[in-house]
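All of these numbers come straight from a predicted model, not from anything done at the bench.
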Amino acid sequence: MFNNAGLIGHLGADPESRTFPSGSQVSRFTLYVNERFNNDGEVQERTHRFPVEVWGKSAGFVKDYLHKGSKVAVEGALAEDTWTDGEQQKHSRVVIKARRIENLTPKAADQDETAAYDDEPEF
């Protein structure tokens, strides 16, 4: 089986980050991706929003270096999150569980040299 998603877009808001008592970290953000298409000779644009979840050291990278408007490349797997709300209604959504994040925003002179973080395991 093959489950891989790759997108380039902008963060719609600052990422939300959390550190658990165990020390593991998670960062979440919404990636906005624009699509241009031709509709009967008229060029139109549509914006798609994709929830992204990042765990481990990559979550720290997201927390420290990305913010609203940052242009990023995201590579990961699609996963379905399911939950039941307080009224016992079941909900689900597809989220990108990122394995690789690359900051594509042009660096200012005072920014750190770190441009990407890859959580691929080392063998």
Side-chain angles (χ1 to χ4, degrees):
M1 302 261 197
F2 184 73
N3 182 356
N4 196 43
L7 296 168
I8 295 176
H10 292 87
L11 273 68
D14 288 339
E16 297 176 10
S17 298
R18 182 175 174 195
T19 302
F20 296 93
S22 65
S24 62
Q25 293 182 319
V26 63
S27 289
R28 294 180 177 100
F29 61 89
T30 301
L31 186 67
Y32 285 68
V33 178
N34 293 327
E35 171 193 20
R36 289 194 178 112
F37 59 96
N38 190 323
N39 186 11
D40 292 328
E42 183 180 337
V43 176
Q44 295 185 342
E45 189 170 295
R46 180 179 330 171
T47 301
H48 301 281
R49 291 169 291 282
F50 299 96
V52 179
E53 190 172 279
V54 187
W55 288 86
K57 292 179 184 176
S58 291
F61 170 80
V62 168
K63 178 183 173 189
D64 293 341
Y65 295 101
L66 302 182
H67 53 82
K68 179 179 180 177
S70 293
K71 185 176 183 179
V72 296
V74 174
E75 182 184 331
L78 299 178
E80 183 179 23
D81 279 349
T82 59
W83 69 95
T84 303
D85 65 18
E87 297 174 5
Q88 301 304 308
Q89 294 288 327
K90 292 185 179 186
H91 301 273
S92 68
R93 70 176 183 165
V94 174
V95 65
I96 299 170
K97 304 281 185 171
R99 289 185 298 261
R100 180 169 166 68
I101 303 282
E102 184 173 350
N103 187 355
L104 302 176
T105 304
K107 289 189 282 189
D110 62 340
Q111 280 186 313
D112 188 280
E113 291 297 317
T114 306
Y117 201 90
D118 190 344
D119 246 1
E120 291 295 318
E122 293 183 22
F123 297 103

For the residue pair Thr105 and Ser70, what are the closest heavy atoms and their distance? OG1-CA, 3.3 Å
side-chain contact (heavy atoms from CB on, under 4.5 Å) between Phe50 and Val94: does it pass, once the steps are laid out? CA-CA 8 Å; Phe50 299 96; Val94 174; over 6 Å; no
How close do Val62 and Val54 get, heavy atom to heavy atom, and via which atoms? CG2-CG2, 4.1 Å
Lys97 NZ to Glu80 CD distance, which is reported to the nearest 0.5 Å: 11.0 Å
Short side-chain to backbone donor-acceptor contact, Asp81 and Arg93, under 3.5 Å: no
List the steps and the verdict of side-chain contact (heavy atoms from CB on, under 4.5 Å) for Leu11 and His67. CA-CA 7 Å; Leu11 273 68; His67 53 82; over 6 Å; no
Hey, could you give me the CZ/CG distance between Phe61 and Asn103, rounded to the nearest 0.5 Å? 5.0 Å
So CG of Leu104 and CD1 of Ile8: to nearest 0.5 Å the spacing works out to 5.5 Å
Which atom pair, heavy atoms only, marks the closest approach of Asn38 to Glu42? OD1-N, 3.5 Å
His10 NE2 to Phe29 CZ distance, which is reported to the nearest 0.5 Å: 12.0 Å
Rounding to 0.5 Å, atoms OG (Ser58) and CD (Glu53) come to a distance of 12.5 Å
Quick check against the 3.5 Å criterion: does Thr19 have a side-chain atom that pairs as donor or acceptor with the backbone of Gln25? no
How close do Val74 and Ala98 get, heavy atom to heavy atom, and via which atoms? CG1-CB, 3.9 Å
On a heavy-atom basis, the closest approach of Arg49 and Thr47 is NH1-O, 3.7 Å
Is there a chain of hydrophobic side chains (I, L, V, M, F, W, Y, each step under 4.5 Å between heavy atoms) that links Leu7 to Val52? yes
Any side-chain to backbone donor/acceptor pair from Ser27 onto Ala59? Under 3.5 Å, distance only. yes
Can a donor-acceptor pair be found, under 3.5 Å and without considering hydrogens, that links the side chain of Asp14 to the backbone of Lys68? yes
Point-to-point distance, once rounded to the nearest 0.5 Å, from CD of Gln89 to CH2 of Trp83: 12.0 Å
Are any non-hydrogen side-chain atoms of Leu78 and Ile96 less than 4.5 angstrom apart? yes
